[in-house]
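Quick notes on the structure that follows.
Because only heavy atoms are used, hydrogens play no part in the values below, and waters and symmetry mates are left out as well, while side chains stay in. From a predicted model like this one, the values you see are computed outputs, not experimental measurements.
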Amino acid sequence: MFGVEFITLTSIYFLALLSPGQDFFLIIKHALTHGYKKAWWSCLGIASGNALYIALAYMGHTYLSQYPMIVSFIEIGGALFLLYLGCLLLFAPKPNLENALHVKSKMVFKLFVQGLLSALFNPKNILFYFSLLFTIVKPETVLHVKIVYAVWMVTMLLVWDMFVAFLFGNQSALRLLPYLNFVQKIVGIGLIGFSLKLAFTFYKQCEL
């Protein structure tokens, strides 16, 4: 179970977690406004939204795996999407905290819902999970292994988001903001590399 598939999945997913997006800035805003403990409720909401998309991606994978030609097109699309995402991050402007969502309520339920909606209304999430699971996880992978992958990804996401909230819940961590653009570019290069590797692997499979 913990072979090449698991390592590749973990590596790509970890790189994606390092990418500052709308969820990332929502967590920062909540942490700065309400403290990291309340921001953790936003993290839980974001993790819940991502878990739903992982489940939908798995169901789509199981259905579409019966049609090899469609799966091949999705694999190509997944590699192209990772390439697009990598280029987007590589050439992204410096992150601006002012673009983050504003939060007025201090109620933990509302913080949870805002985190959930942020994940669900982020169109990149469902595209990312479909591309990731179609290009990395084989259709013949048994169900209990897929469940382990899903739990592992959601756990990684939750731990990372809670760590971000903890960092930015302390005012001294604001000095890290100037380095976010550098992180974006490194992650972008990593995703471009993975997309090219996936495209090359798919090309070699077509030759066989």
>> Measuring from atom CH2 of Trp160 to atom CD1 of Ile27, what distance do you get when rounded to the nearest 0.5 angstrom?
In response: 10.0 Å

>> I'd like to know whether Ser195 forms a side-chain contact (heavy atoms from CB on, under 4.5 Å) with Leu80, so could you lay out the CA-CA distance, the side-chain angles of the two residues, the decisive distance to 0.1 Å, and finally the verdict.
In response: CA-CA 7 Å; Ser195 68; Leu80 291 176; over 6 Å; no

> Residues in side-chain hydrogen bond (donor to acceptor under 3.5 Å, both in side chains) with Ser11, at least two apart?
Replying inline: none

>> Just verifying a value: how many Å separate Leu17 CG and Leu157 CG, rounded to the nearest 0.5 Å?
In response: 6.0 Å

>> Determine whether a donor-acceptor pair (N or O, by modelled atom type, separation under 3.5 Å) exists between the side chain of Thr141 and the backbone of Val137.
In response: no

> According to the interplanar angle, ranging from 0 to 90°, do the rings of Tyr36 and Phe166 count as parallel (below 30°), tilted (30 to 60°) or perpendicular (above 60°)?
Replying inline: perpendicular

>> For Ile7, is there any backbone N or O sitting under 3.5 Å from a side-chain donor or acceptor partner on Thr10?
In response: no

> Under a 4.5 Å side-chain heavy-atom rule over Ile, Leu, Val, Met, Phe, Trp and Tyr, are Tyr84 and Phe130 clustered together?
Replying inline: yes

> Pick from Ile54, Asn50, Val159: which one makes a side chain to side chain contact (heavy atoms under 4.5 Å, CB included) with Val154?
Replying inline: Ile54

>> Using 0.5 Å steps for rounding, measure from the CG atom of Leu9 to the CE atom of Met156.
In response: 8.5 Å

>> Minimum heavy-atom separation for Glu5 and Ile136, please, with both atom names.
In response: OE2-O, 3.4 Å

> Which pair of non-hydrogen atoms, one from Ala119 and one from Tyr53, has the smallest distance, and what is that distance?
Replying inline: O-CE1, 3.5 Å

> What about Trp152 and Leu56, same hydrophobic cluster or not, with Ile/Leu/Val/Met/Phe/Trp/Tyr joined at side-chain heavy-atom distances under 4.5 Å?
Replying inline: yes

> Can you name the closest pair of heavy atoms from Cys43 and Met162 and give their distance?
Replying inline: SG-N, 3.7 Å

>> For a 4.5 angstrom cut-off between non-hydrogen side-chain atoms, does Tyr58 reach Tyr149?
In response: yes

>> For Tyr13, give me all partners under side-chain hydrogen bond (donor to acceptor under 3.5 Å, both in side chains), at least two apart in sequence or on another chain.
In response: Tyr129

>> Quick check: closest heavy atoms across Ala57 and Leu133, and the distance to 0.1 Å?
In response: CB-CD1, 3.5 Å

>> Using 0.5 Å steps for rounding, measure from the CZ atom of Phe128 to the CD1 atom of Ile12.
In response: 7.0 Å

>> Just so I know, are the side chains of Phe112 and Ser48 near enough to count as touching, which here means a heavy-atom distance under 4.5 Å?
In response: yes

> Mind checking whether Leu158 and Asp161 have side chains closer than 4.5 Å, heavy atoms only?
Replying inline: no

> Hey, quick one: are Val145 and Leu132 part of the same hydrophobic cluster, counting side-chain heavy atoms closer than 4.5 Å, chains of contacts allowed?
Replying inline: yes

> Would a distance-only check, ignoring hydrogens and angles, find a side-chain to backbone donor-acceptor pair under 3.5 Å from Trp41 to Val108?
Replying inline: no

> Do any N or O atoms from the side chain of Ser42 and from the backbone of Leu111 form a donor-acceptor pair under 3.5 angstrom?
Replying inline: yes

> Is there a path from Val151 to Met59 through hydrophobic residues (I, L, V, M, F, W, Y) whose side chains come within less than 4.5 Å of each other?
Replying inline: no

>> Could you work out, with side-chain hydrogen bond (donor to acceptor under 3.5 Å, both in side chains) as the rule, every residue matching Asp23, not counting sequence neighbours?
In response: Ser118

> Side-chain heavy atoms under 4.5 angstrom apart, residues restricted to Ile, Leu, Val, Met, Phe, Trp, Tyr: same cluster for Ile192 and Phe91?
Replying inline: yes

